[in-house]
Amino acid sequence: QVQLVESGGGSVQAGGSLRLSCAASGYTYTYYFMGWFRQAPGKEREAVAAIYNRGGSTQYVDSVKGRFTISQDNAKNTLYLRMNSLKPEDTATYYCAAGRRGIAVADLLRADVYEYWGQGTPVTVSS
């Protein structure tokens, strides 16, 4: 069983930066891809960014392209999300997720392909 624990959330002013971390434990060698999702109050969960563990192919939602960077440290079993130029609309709880099935890179932002989810870390961006 894979366990995912997010950290690094907090409050920041617009234009600021944060780096989220997701520590994975358990049968980490079984997962093929990982992603970040977010859910704002009263809104549906949306994909933010995702990465294939082998090869490092990435996908980003259009609203964060050029501002957010997903990366991983396989030696530490940790996933990161560097968030720059934060905007109030980035305010949400951010969740880390992992999946094991072989999927196309284009499907990395689909929530239904992920099997394991963390508890989330809140991010608040004030104007």
Closest heavy-atom pair and its distance - [X], [Y]:
{"X": "Arg67", "Y": "Leu86", "result": "NH1-CA, 3.9 Å"}
{"X": "Asp62", "Y": "Lys65", "result": "OD1-NZ, 3.0 Å"}
{"X": "Cys96", "Y": "Glu6", "result": "N-OE2, 2.8 Å"}
{"X": "Ala92", "Y": "Arg38", "result": "CB-CB, 3.8 Å"}

Could you see if [X] belongs to whatever hydrophobic cluster contains [Y]? Use Ile, Leu, Val, Met, Phe, Trp, Tyr and a side-chain cutoff under 4.5 Å.
{"X": "Leu109", "Y": "Tyr95", "result": "no"}
{"X": "Val113", "Y": "Tyr52", "result": "yes"}
{"X": "Leu20", "Y": "Val61", "result": "yes"}
{"X": "Tyr32", "Y": "Val105", "result": "yes"}

Working to the nearest 0.5 Å, report the span between [atom1] of [X] and [atom2] of [Y].
{"X": "Ser85", "Y": "Phe68", "atom1": "OG", "atom2": "CZ", "value": "9.0 Å"}
{"X": "Ser21", "Y": "Leu81", "atom1": "OG", "atom2": "CG", "value": "9.5 Å"}
{"X": "Tyr94", "Y": "Ser7", "atom1": "OH", "atom2": "OG", "value": "15.0 Å"}

Sequence neighbours excluded, which residues qualify as salt bridge (charged side-chain N to carboxylate O under 4.0 Å, His left out) partners of Lys43?
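Residues passing salt bridge (charged side-chain N to carboxylate O under 4.0 Å, His left out) with Lys43: none at all.
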Glu115: salt bridge (charged side-chain N to carboxylate O under 4.0 Å, His left out) partners, not counting sequence neighbours:
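Once residues adjacent in sequence are excluded, the partners of Glu115 under the salt bridge (charged side-chain N to carboxylate O under 4.0 Å, His left out) criterion are Arg100.
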Under 3.5 Å, side chain of Tyr60 to main-chain N/O of Ile70, donor-acceptor pair present?
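It does hold such a pair.
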Gln39 CD: over 12 foreign heavy atoms closer than 6.0 Å
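Atom CD in Gln39 is crowded, with more than 12 foreign heavy atoms closer than 6.0 Å.
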Please enumerate all residues that pass ring-ring contact (aromatic ring centres under 6.0 Å, His included) together with Phe37, with sequence neighbours excluded.
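Expected list: Tyr114, Trp117.
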Dump the intermediate steps for side chain to side chain contact (heavy atoms under 4.5 Å, CB included) on Cys22 and Trp36, then the final yes or no.
CA-CA 9 Å; Cys22 172; Trp36 288 98; 3.8 Å; yes
Can you name the residues that form a side chain to side chain donor-acceptor pair (under 3.5 Å) with Arg110, not counting sequence neighbours?
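Listed in chain order: Asp112.
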Under the side chain to side chain donor-acceptor pair (under 3.5 Å) rule, collect the residues that match up with Arg82, sequence neighbours excluded.
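Partners of Arg82 under the side chain to side chain donor-acceptor pair (under 3.5 Å) test: Asn84.
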State plainly whether the residues Lys87 and Asp90 are in salt-bridge range, i.e. N to O under 4.0 Å.
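Not counted as a salt bridge, because no side-chain N and carboxylate O are separated by less than 4.0 Å.
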Between Leu4 and Met34, does a side chain to side chain contact (heavy atoms under 4.5 Å, CB included) hold up when you go through it step by step?
CA-CA 10 Å; Leu4 305 172; Met34 298 188 75; 3.8 Å; yes
Using atom types as modelled, flag every donor-acceptor pair under 3.5 Å from a side chain in residues 119-127 to any protein atom, sequence neighbours excluded.
| from | atom 1 | to | atom 2 | distance (Å) |
| --- | --- | --- | --- | --- |
| Thr121 | OG1 | Gly9 | N | 3.1 |

